[in-house]
Participant: 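Below is one structure. I have some questions about it.
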Amino acid sequence: MRVRGINFDWDNLEENLISFVSKTQTFVTPGKEYEVHAVSVYKKVVFLLLVDDINTPIFIPAPLFEIVSSEIPSDWKCNLIGRLDLELIMGPDFLSKDMDAYIGVVGQDAELLTKLWNRIYQE
């Protein structure tokens, strides 16, 4: 899956996005394409795991992007979590297998990030 950053008005973000992004800490460029490495639904917001402009793997709300290609890798799995406001995670098994994997990616766990970087470099 590939997405492209869109122009959006920081002063008029949707209410449900305000707590997840900020102008000074969200590093994506309108018009730039990004490879998506996982998808999650947290607090009823769809998030995309991508590597941002400062080379950090991070979940960013999907409304900040438009889809360029909706094709997903054949080894992605979908896991309906349904607890602690996390409803779904979809991606490679090491990212989508359970709540701990999701929390590890969000928390920048070194072991999980190594697996992610290895996967990215193999693509």
Participant: When you compare the side chain of Ile60 with that of Leu48, does any pair of heavy atoms fall below 4.5 Å?
Facilitator: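 Contact flag for Leu48/Ile60 side chains = no.
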Participant: Can you tell me how far apart CD (Glu111) and CG (Leu116) are? Round to the nearest 0.5 Å.
Facilitator: 13.0 Å
Participant: Taking the side chain as every heavy atom from C-beta outward, state whether Val39 and Ile89 have any pair of such atoms under 4.5 Å apart.
Facilitator: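 No; the side chains remain at least 4.5 Å from each other.
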Participant: What pairs meet the ring pair (Phe, Tyr, Trp, His ring centres under 6.0 Å) rule with one or both residues in residues 90-119, with sequence neighbours excluded?
Facilitator: Phe59-Tyr102, Trp117-Tyr121
Participant: Can you give me every donor-acceptor pair (side chain of residues 61-71, partner residue at least two apart or in another chain, under 3.5 Å) with its distance?
Facilitator:
residue: Glu66; atom: OE2; partner: Arg4; partner atom: NH1; Å: 2.7
residue: Ser69; atom: OG; partner: Glu71; partner atom: N; Å: 3.4

Participant: Tell me, which pairs form a side chain to side chain donor-acceptor pair (under 3.5 Å) where one or both residues lie in residues 48-60, sequence neighbours left out?
Facilitator: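 Non-adjacent pairs meeting side chain to side chain donor-acceptor pair (under 3.5 Å): Thr29-Asp53, Lys32-Asp53, Tyr34-Asp53.
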Participant: Taking the side chain as every heavy atom from C-beta outward, state whether Leu17 and Val45 have any pair of such atoms under 4.5 Å apart.
Facilitator: yes
Participant: Any side-chain heavy atom of Glu87 sitting closer than 4.5 Å to one from Leu80?
Facilitator: no
Participant: Which other residues belong to the hydrophobic cluster containing Phe27, where Ile, Leu, Val, Met, Phe, Trp and Tyr are joined when side-chain heavy atoms lie under 4.5 Å apart, directly or via other members?
Facilitator: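 When side chains under 4.5 Å apart are linked, the cluster holding Phe27 also contains Ile54.
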Participant: If I compare all heavy atoms of Leu50 with all of Glu35, which pair ends up nearest, and what's the gap?
Facilitator: CB-O, 3.5 Å
Participant: What pair of heavy atoms forms the shortest contact from Cys78 to Leu88, and how long is it?
Facilitator: SG-CD1, 3.5 Å
Participant: What heavy-atom pair brings Pro57 and Leu49 nearest, and what distance separates the two atoms?
Facilitator: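 Reported closest heavy-atom pair: C-CD1, 4.0 Å.
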Participant: Evaluate the side-chain proximity of Met90 to Asn79: yes if any heavy-atom separation is below 4.5 Å, no if none is.
Facilitator: no
Participant: Kindly indicate whether the side chain of Lys115, heavy atoms from C-beta on, has any atom under 4.5 Å from the side chain of Pro92.
Facilitator: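 SC-SC contact between Lys115 and Pro92 ruled out.
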Participant: Residues in side chain to side chain contact (heavy atoms under 4.5 Å, CB included) with Glu15, at least two apart?
Facilitator: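 Partners of Glu15 by the side chain to side chain contact (heavy atoms under 4.5 Å, CB included) criterion, ordered by chain and then number, come out as Ile18.
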Participant: Taking the side chain as C-beta and beyond, is there a heavy-atom pair between Gln108 and Leu113 under 4.5 Å?
Facilitator: yes
Participant: Of the non-hydrogen atoms in Ile81 and Asp98, which two are nearest, and what is the gap between them?
Facilitator: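 It is CD1-C, 4.1 Å.
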Participant: Roughly how far apart are Phe20 CZ and Ile58 CD1, rounded to 0.5 Å?
Facilitator: 12.0 Å
Participant: Got Lys97 and Lys77 here, is their nearest side-chain heavy-atom distance under 4.5 Å?
Facilitator: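 Not touching, per the 4.5 Å side-chain cut-off.
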Participant: Give me the atom names and distance for the closest heavy-atom approach of Gly91 to Ser96.
Facilitator: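 For Gly91 versus Ser96, the nearest heavy atoms are O-OG, 3.0 Å.
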Participant: If the condition is side chain to side chain donor-acceptor pair (under 3.5 Å), which residues does Asp75 pass it with, not counting sequence neighbours?
Facilitator: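 Once residues adjacent in sequence are excluded, the partners of Asp75 under the side chain to side chain donor-acceptor pair (under 3.5 Å) criterion are Arg119.
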